[in-house]
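Heavy atoms only: backbone and side chains are in, while hydrogens, waters and symmetry mates are out. The shown structure was predicted, so the numbers you read here are calculated from the model rather than taken from an experiment.
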Amino acid sequence: MSARFMREALRLAEENVQAGGGPFGAVVARNGDLLARGANRVAPENDPTAHAEIVTIRRACRVVDDFSLEGCALYASCEPCPMCLGAVYWARLDALYYAATQEDAARAGFDDAFIYDELVTPPAERQLRTERMLAGACQRPFEAWQAHEERVEY
């Protein structure tokens, strides 16, 4: 863990506010080297997935030319939201470090508590209409995947 990388994530977060983005920054580092940095670009890019962690993970994956960031750590200015936490796990990062908590973010107007609540709510009871469709056809894509000899496991 390196305070230098966390200070960079915090600097990016603060600087990003002046650039029209949200107050979130992140960096990915490996073996003491900074691989990628990013900041929240949701509003400037009209992209609800352009959180600092996602932006940074995408950039780091391009740098290493792989979808796996094994051996790397992510430093985030704030505790990741559920989407970003999922991306951290999918990217196989070895470690996650953050500065502000989700409670700090909520006090500033970035409250993700309802999403955490929805994740443990059965689909039929969620606030977002959620229904299963075409259950009879749903296995075909998985069968195609399993039969594809050149698939890249992840």
Side-chain angles (χ1 to χ4, degrees), residues 1-2 5-6 8-10 12-13 16 21-106 110-135 137-154:
M1 140 172 57
S2 170
F5 296 131
M6 186 58 75
E8 177 65 4
L10 290 165
L12 289 165
N16 194 53
F24 304 97
V27 303
V28 169
R30 180 175 60 190
N31 299 326
D33 295 322
L34 191 145
L35 294 182
R37 57 174 52 93
N40 177 288
R41 304 305 298 157
V42 170
E45 296 182 16
N46 294 317
D47 180 353
T49 70
H51 289 200
E53 298 90 340
I54 302 291
V55 168
T56 306
I57 287 169
R58 288 175 179 162
R59 289 176 178 169
C61 286
R62 285 193 293 272
V63 168
V64 301
D65 195 30
D66 199 340
F67 57 80
S68 173
L69 294 175
E70 288 183 49
C72 299
L74 183 120
Y75 295 79
S77 64
C78 187
E79 184 177 1
C81 74
M83 174 183 69
C84 293
L85 184 59
V88 166
Y89 278 100
W90 279 114
R92 295 182 178 88
L93 286 147
D94 286 5
L96 164 65
Y97 304 103
Y98 63 90
T101 66
Q102 60 182 277
E103 292 80 15
D104 295 326
F110 298 92
D111 192 351
D112 297 325
F114 76 97
I115 299 174
Y116 285 102
D117 293 342
E118 287 282 280
L119 289 173
V120 296
T121 301
E125 297 173 24
R126 292 182 184 153
Q127 293 178 32
L128 174 67
R129 183 176 176 171
T130 307
E131 297 179 36
R132 185 174 185 194
M133 294 179 60
L134 299 177
C138 69
Q139 293 305 311
R140 290 195 309 249
F142 296 120
E143 291 164 358
W145 168 257
Q146 290 171 326
H148 185 63
E149 293 180 15
E150 295 178 32
R151 70 180 178 266
V152 176
E153 297 285 345
Y154 62 94

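Rounded to the nearest 0.5 Å, atoms CE (Met83) and OG1 (Thr49) are 5.5 Å apart. Going from atom SG of Cys72 over to atom CZ of Arg92 covers 13.0 Å, rounded to the nearest 0.5 Å. Taking CG from Leu12 and OG1 from Thr56, the interatomic distance works out to 7.5 Å, rounded to the nearest 0.5 Å. The CG atom of Leu85 sits 12.0 Å away from the CD1 atom of Ile115 when rounded to the nearest 0.5 Å. For the atom pair Tyr98 OH and Glu79 CD, the distance stands at 4.0 Å (nearest 0.5 Å). Separation of atoms CG (Leu93) and OG (Ser68) is listed at 8.5 Å; rounding is to 0.5 Å.
At most 12 heavy atoms of other shown residues, nucleotides or ligands fall within 6.0 angstrom of atom CD in Glu149. The number of heavy atoms from other shown groups lying within 6.0 Å of CZ (Arg140) does not exceed 12. For Glu103, the CD atom counts as densely surrounded, since its 6.0 Å shell holds more than 12 non-hydrogen atoms of other residues, nucleotides or ligands. Other residues, nucleotides and ligands place more than 12 heavy atoms under 6.0 Å from the CG atom of Leu119.
Closest heavy-atom contact between Ala13 and Ser77: CB-OG, 3.6 Å. A pairwise comparison of heavy atoms in Ala60 and Ala36 identifies N-CB, 3.5 Å as the closest pair. Between Val27 and Phe5, the shortest heavy-atom contact is CG2-O, 3.6 Å. The heavy-atom pair separating Ala9 from Tyr75 by the smallest distance is CB-O, 3.6 Å. The heavy-atom pair separating Pro48 from Asn46 by the smallest distance is CD-O, 4.0 Å. Between Ala76 and Met6 the shortest heavy-atom distance is O-SD, 3.3 Å.
When side chains are defined from C-beta on, Phe67 counts as touching Val152, because their heavy atoms get closer than 4.5 Å. Side chains of Asn16 and Arg41 form a contact here, defined as non-hydrogen atoms less than 4.5 Å apart. Taking 4.5 Å as the limit, some side-chain heavy atom of Val55 sits within range of a side-chain heavy atom of Arg59. The shortest distance between side-chain heavy atoms of Cys138 and Arg132 falls below 4.5 Å. Between Asp112 and Gln102 the shortest side-chain heavy-atom distance does not fall below 4.5 Å.
Proximity of a side-chain donor or acceptor of Asn40 to a complementary backbone N or O of Pro23 within less than 3.5 Å is not detected. Of the possible polar contacts, one joining the Arg126 side chain to the Glu118 backbone as a donor-acceptor pair under 3.5 Å is found. Between the side chain of Arg30 and the backbone N or O of Gly71 there is no donor-acceptor pair closer than 3.5 Å.
Ring-plane geometry between Phe24 and Phe110 is classed as perpendicular, the angle between the planes exceeding 60 degrees on a 0 to 90 degree scale with a lower cut at 30.
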